[in-house]
Amino acid sequence: MTGTIMSRIDDRYNVKDTEARWQQAWEQGGAFVAGRHPARPKYYVLEMFPYPSGRIHMGHVRNYTLGDVVARYKRAKGFDVLHPMGWDAFGLPAENAAIERGVHPAKWTRENIAAMREQLKSMGLSYDWGREVATCEPDYYRHEQKMFLDFLKAGLVYRKESWVNWDPVENTVLANEQVIDGRGWRSGALVEKRLLAQWFLKITDFAEDLLAALGSLERWPDRVRLMQENWIGRSEGARLVWDLAGRPETLEIFTTRPDTLFGAAFLAISPNHPLAAELAEANPALAEFIAECNRMGTSEAALETAEKKGVDTGLKALHPFVPGWELPVYVANFVLMEYGSGAIFGCPAHDQRDLDFARKYGLPVKPVVLPPGENPATFQVGAEAYSEGGTLFNSGFMDGMGVDDAKAAAIARIEADGRGARTVNWRLRDWGVSRQRYWGCPIPIIHCESCGVVPVPAADLPVRLPEDVGFDKPGNPLDHHPTWKHVACPACGKPARRETDTFDTFFESSWYFARFCSPTRDDVAFDRAEADRWLPVDQYIGGIEHAVLHLLYSRFFTRALKTCGYLGVDEPFAGLLTQGMVCHETYKDQAGAWLYPDEVTRGEGGRPVHASTGAPVTLGRSEKMSKSKRNVVDPAHIIATYGADTARLFMLSDSPPERDLEWTEAGIDGAWRYVNRLWRMVAGTADTLPAPGSAMPELGDEALKLRRLVHKTVAAITDDLEKFHFNKAVARLREMTNALGEVSADAPDRAWVLREGLEAAALLAAPMMPHLAEEMWAALGHAVPVVHTPWPVAEAALLVEDSVTVAVQVNGKLRATIELPKDADPKLAEETALAQPPVIAAMSGKPPRKVVVVPNRIVNVVV
RNA sequence: GCGGACGUGGCGAAACCGGUAGACGCAGCGGACUUAAAAUCCGUUUUCCUCGGAAGUGGGGGUUCGAGUCCCCCCGUCCGCACCA
């Protein structure tokens with residue numbers, strides 16, 4: 001009897017055996033190998049590849065479950081599916097591990113990859129593992145070194161000085177996240193800003209196109225498109241050159257509000273402006289202020305949240321329209337050197353930041369735009385600047401104009417005077433790709449005293465990252481390596497020096513989706529024909545935290561690669577799904593220390609107490625799972641206990657994918673119960689059902705009703721999966737399961753429909769709970785596995801109802817519901833509605849003033 | 001600071017184009033089975049009340065025969081801000 005259905009009925013669903021068995025069967029059968037069906041339409045589904053931290057976390061489980069549902073569904077729908085996985089393997093944590101624990105980054109990373117690969121495999125994800133890539137291996141990064149050289153040739157790369165966070169104790173550049181309250185996270189030393197020569201990619205060359213093409217990304221969330229639009233930040237305005245009293249040089253500013261020039265109160269330049277540096281040489285107070293600004297860190301958030309401060313340089317600027325009008329020139333901490341020309345003019349009446357600054361330093365506030373309905377004689381600006389539209393006044397030749405006309409008039413005057421021009425300015429800055437780090441892709445450049453900057457010849461690629469390095473000294477290990485950086489100049493042969501900076505790790509993730517198209521090619525980054533077939537990615541899935549940078553860099557890279565002839569598409573990702581975070585309650589003990597969920601249990605009256613000591617525990621609100629707050633649940637533990645299908649089901653069931661998901665013990669238990677319930681239904685009834693493929697008998701009412709529900713469920717789940725409404729799909733499946741559980745197979749028609757329903761349940765559940773689905777399908781007597789079975793199709797005739805329930809309202813309040821034939825005559829609907837006793841009562845004898853009839857929906861009686 | 005989102009029962013949520021608010025699940029309560037427990041199954045569950053209703057989708061206002069859905073204002077929470085990935 002071993003292995004038969006009967007022997008399994010008494011057992012509970014054996015997760016471990018079942019899941020391992022099917023994972024092996026899929027792998028041996030090559031079920032997920034992409035490209036086997038060139039005649040079928042292609043579908044490329046990709047999840048953001050993980051940083052190999054060593055263990056998967058619940059965020060991964062959610063992300064990869066979502067992707068796998070799409071991949072399995074599309075395969076069943078007849079697509080040739082590409083669903084690959086790899087490792088975003090360069091990055092800071094590996095270096096931190098090296099510094100803190102003495103493990104080499106390469107060893108640490110490779111071991112992490114091996115461990116995480118096993119964990120992912122235990123989830124039963126339908127990846128084509130033959131395409132796995134790891135970005136830290138030379139066979140991957142050699143190609144991006146080539147890309148960089150091609151970009152250089154195409155004029156998309158340049159070198160300039162740029163500011164970085166410098167830790168003077170560790171002798172390293174710090175990431176913004178490593179700067180805490182202005183100090184280095186490890187050393188505690190005050191961080192300084194420093195200028196460093198770095199490589200930049202000209203993403204701004206594509207600004208116009210990156211912005212315009214957002215409109216074509218119809219399957220991207222609006223909010224992501226909006227965030228990118230704001231990030232690119234196109235603004236129209238004017239460049240304007242101001243003369244300085246008693247000095248030969250001029251000052252160029254950018255403004256979007258040339259209409260408010262008559263309301264100007266001051267000019268302000270960035271602390272990093274060349275003029276500021278020059279003036280500081282003779283002005284100790286200014287020098288001290290600039291030094292203070294340079295201690296602030298480089299992040300925009302740090303600059304913007306700091307108190308607005310400035311120092312008067314003593315210089316006077318001459319107003320371009322009014323002879324003799326002199327304005328003070330400040331150095332101000334809120335003016336960014338990277339934006340516009342690093343200098344602005346301030347109009348306090350119509351810009352809040354300028355107003356705050358003016359109030360602080362006692363500068364005049366002169367309104368020049370009159371809000372509609374205000375009296376020019378009495379209008380004043382108080383605590384709030386007025387930045388809306390209106391009519392110009394106090395403004396010479398612009399008086400009486402609207403804001404838009406005044407802008408045009410001001411620009412016309414500026415251009416006529418030869419003082420500047422209309423300009424489009426971008427918030428987007430070029431992408432600085434140099435990192436002073438070891439664990440990244442070496443930048444293939446050689447510096448020669450005679451020849452200058454020399455690209456490494458393509459034949460010499462890859463420039464390999466040396467593995468024999470130490471982390472005991474502060475600074476970049478590549479710089480300390482005894483031999484690595486010393487090379488002969490490729491141009492003149494004299495001794496020269498390698499670039500010791502490595503690429504930003506966003507470099508690797510900007511083209512990995514293309515590498516997956518032909519991951520084993522050594523000679524090229526990817527095969528053009530393969531890329532042309534598979535790209536763009538049809539559905540990309542990952543966290544909202546990548547809404548701007550990673551996605552924008554990838555869009556830019558795709559354009560740059562097209563410019564260099566690598567591929568033919570403009571956009572890398574046709575569809576985008578941004579998933580929410582996985583959250584969990586937080587716990588603290590009496591001393592205020594964070595506790596892990598498994599250290600907490602429920603004591604008397606359901607109060608949380610410490611599991612071993614029984615001491616009271618403070619319950620905190622639910623937050624994103626993070627190691628620092630210890631509110632984490634280990635997926636490996638969950639999968640070992642409940643199995644992959646249960647974990648996957650829970651990831652899909654309660655919340656829609658875009659929203660945050662609350663992880664609860666009760667939720668995972670509920671999913672586990674459902675997995676067992678489905679299995680029991682099949683195991684307990686399979687031998688009472690007709691053989692697979694039996695002809696349909698005459699159906700009685702109960703059987704027909706059930707059959708309608710089954711086909712409706714097929715249609716509904718299909719629609720839900722198309723729209724990524726996975727939580728609704730689970731709800732529909734449970735609804736159908738509830739109905740199937742209520743019938744008994746004691747008559748041929750019911751038995752036949754029960755089989756149809758259980759088969760539908762197996763096939764519909766397959767993208768979500770693939771192991772269970774296979775097991776159910778096999779128990780129902782099918783030899784061909786679900787992974788090779790097409791998606792079920794609903795019979796259209798069974799989806800149409802012949803009667804509908806219509807709500808009856810009196811003055812918008814529900815009073816009754818009535819059953820009507822579908823598409824009934826509105827007159828019949830009205831008559832039936834008015835005859836309902838509760839309706840008559842609610843009308844209390846008054847005649848209907850109006851009756852609104854919405855067919856098949858509602859009748860609203862207005863009295 | 002700037003930018004983006006979100007807010008519906010005790011909880012996660014559903015509600016198509018403005019048309020019966022709360023599908024489906026979790027927790028709770030009651031019951032069946034059991035010596036007992038677990039597991040399972042059945043019923044019940046927005047709130048208030050005079051059992052006929054009344055109120056109700058973060059708060060306030062508006063449009064409409066009708067608003068969770070559209071518009072305006074406010075409050076709260078979360079995410080991003082260019083060297084984390």
Side-chain angles (χ1 to χ4, degrees), chain A residues 12 48-51 53 88 90-93 164-165 172-179 198 221-224 226-227 229-231 233 298-308 334 338 352-353 356 427-437 504-506 509 543-550 552-553 580-581 583 621 623-624 653-656 658-662 664-667 669-671 673-674 676-677 680 719 723 725 727-728 730-735 738 741 805-817 841 849-852 854 856-863:
Chain A
R12 287 182 71 187
M48 291 178 183
F49 66 165
Y51 179 80
S53 58
D88 191 12
F90 276 137
L92 267 185
V164 295
N165 298 311
T172 56
V173 175
L174 296 179
N176 284 330
E177 69 155 17
Q178 296 174 322
V179 180
Q198 314 208 53
D222 288 343
R223 58 170 167 157
V224 174
L226 198 57
M227 282 163 90
E229 190 181 320
N230 289 326
W231 187 263
T298 57
S299 89
E300 192 176 309
L303 294 179
E304 295 274 340
T305 47
E307 189 192 354
K308 307 292 173 278
F334 61 86
E338 290 83 4
Q352 191 60 43
R353 198 163 50 180
D356 296 343
R427 204 187 81 98
L428 181 67
R429 310 201 295 258
D430 278 332
W431 175 15
V433 295
S434 299
R435 296 291 181 270
Q436 295 68 41
R437 315 223 178 267
D504 177 7
T505 57
F506 274 125
S509 57
I544 185 71
E545 67 273 19
H546 293 291
V548 176
L549 291 183
H550 161 58
L552 193 61
Y553 290 149
M581 301 176 298
C583 300
R621 47 178 207 115
E623 293 185 61
K624 177 186 179 172
S653 35
D654 276 358
S655 298
E658 307 78 20
R659 216 179 298 182
D660 288 352
L661 176 93
E662 172 77 12
T664 60
E665 189 78 13
D669 278 342
R673 280 200 296 272
Y674 183 61
N676 280 286
R677 182 162 181 233
R680 273 197 314 273
D719 189 50
K723 292 175 179 159
H725 294 167
N727 54 326
K728 286 166 68 183
V730 172
R732 295 287 90 82
L733 189 64
R734 295 186 100 125
E735 219 167 14
N738 290 344
T805 307
V806 171
V808 183
Q809 299 179 336
V810 177
N811 287 339
K813 284 201 162 89
L814 183 73
R815 296 297 170 186
T817 56
R849 213 168 45 149
K850 183 176 172 188
V851 180
V852 181
V854 181
N856 302 324
R857 289 259 183 210
I858 206 165
V859 178
N860 189 11
V861 182
V862 188
V863 296

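- For B:C83, its base sits under 3.5 Å from the side chain of A:Gln436 at one donor and acceptor pair at least.
- Taking the nucleotide of RNA chain B with the nearest heavy atom to each of A:Val224 and A:Glu623, the more 5' of the two is matched to A:Val224.
- A:Leu733 has its CG atom 16 Å from the C1' atom of B:A14, to the nearest Å.
- The CD atom of A:Gln352 sits 9 Å away from the P atom of B:C2 (whole-angstrom rounding).
- A cation-pi arrangement is not found for A:Arg353 relative to A:Phe334, the charged atom failing to lie both closer than 6.0 Å to the ring centre and inside a 45° cone about the ring normal.
- Look at A:Glu545 and A:Lys624 and you find no salt bridge, because none of the NZ, NE, NH1 or NH2 atoms lies under 4.0 Å from a carboxylate O.
- Within the shown strands, B:G80 is the pairing partner of B:C2 under the Watson-Crick or G-U definition, both distances less than 3.5 Å.
- Between A:Lys723 and the phosphate of B:C16, there is no side-chain N or O to OP1/OP2 separation shorter than 4.0 Å.
- OP1 or OP2 of B:A85 has at least one side-chain nitrogen or oxygen of A:Thr505 nearer than 4.0 Å.
- For the pair A:Leu549 CG and B:A85 C1', the computed distance is 10 Å after rounding to whole Å.
- Below 30°, between 30° and 60°, or above 60°: for A:Tyr553 and A:Trp431 the angle between ring planes is below 30°, a parallel geometry.
- Between A:Glu662 atom CD and B:C26 atom P there is a gap of 16 Å when expressed in whole angstrom units.
- Taking atom NE2 on A:His546 and atom P on B:A5, their separation rounds to 20 Å, with Å as the unit.
- Taking atom CD of A:Glu300 as the reference point, atom P of B:G3 lies 11 Å away to the nearest angstrom.
- Residues A:Arg849 and A:Asn811 bring no donor and acceptor atom of their side chains to less than 3.5 Å of each other.
- Phosphate proximity of B:C6 to A:Arg223: absent, as no side-chain N or O sits under 4.0 Å from OP1 or OP2.
- Residue A:Arg659 places no side-chain atom within donor-acceptor reach of the base of B:C6, judged by atom type and a 3.5 Å distance cut-off alone.
- Side-chain contact between A:Lys728 and A:Lys723: absent, with no pair of heavy atoms (C-beta onward) separated by less than 4.5 Å.
- Neither OP1 nor OP2 of B:C2 sits under 4.0 Å from any side-chain N or O of A:Arg353.
- The separation between A:Ile858 atom CD1 and B:A21 atom P is 7 Å, rounded to whole Å.
- Between A:Lys728 and B:A15 there is a side-chain polar atom (N or O) within less than 4.0 angstrom of OP1 or OP2.
- With distances taken from any side-chain atom of A:Asn738 to the nucleotides B:G19, B:C24, B:A23, the minimum falls on B:C24.
- Using a 4.0 Å cut-off, some side-chain N or O of A:Arg673 falls inside it from OP1 or OP2 of B:A27.
- For B:C65, the O4'-C1' to base torsion is more than 90° from 0; the nucleotide is therefore anti.
- In this structure, A:Arg429 does not reach the B:A82 phosphate: none of its side-chain N or O atoms is under 4.0 Å from OP1 or OP2.
- The CZ atom of A:Arg677 sits 7 Å away from the P atom of B:C42 (whole-angstrom rounding).
- B:G9 shows a glycosidic angle within 90° of 0 and is accordingly assigned syn.
- Here the nucleotide nearest the side chain of A:Ile544, chosen from B:A23, B:A85, B:C79, is B:C79.
- When the nearest nucleotides of RNA chain B are assigned to A:Ser653 and A:Asn811 by heavy-atom distance, the more 5′-ward of the two goes with A:Ser653.
- The phosphate of B:A23 has neither OP1 nor OP2 within less than 4.0 Å of any side-chain N or O from A:Asn727.
- Look at A:Asn176 and you'll find a side-chain N or O under 4.0 angstrom from OP1 or OP2 of B:A82.
- Considering every non-hydrogen atom in both A:Arg677 and A:Asn738, the closest pair reads NH1-OD1, 2.8 Å.
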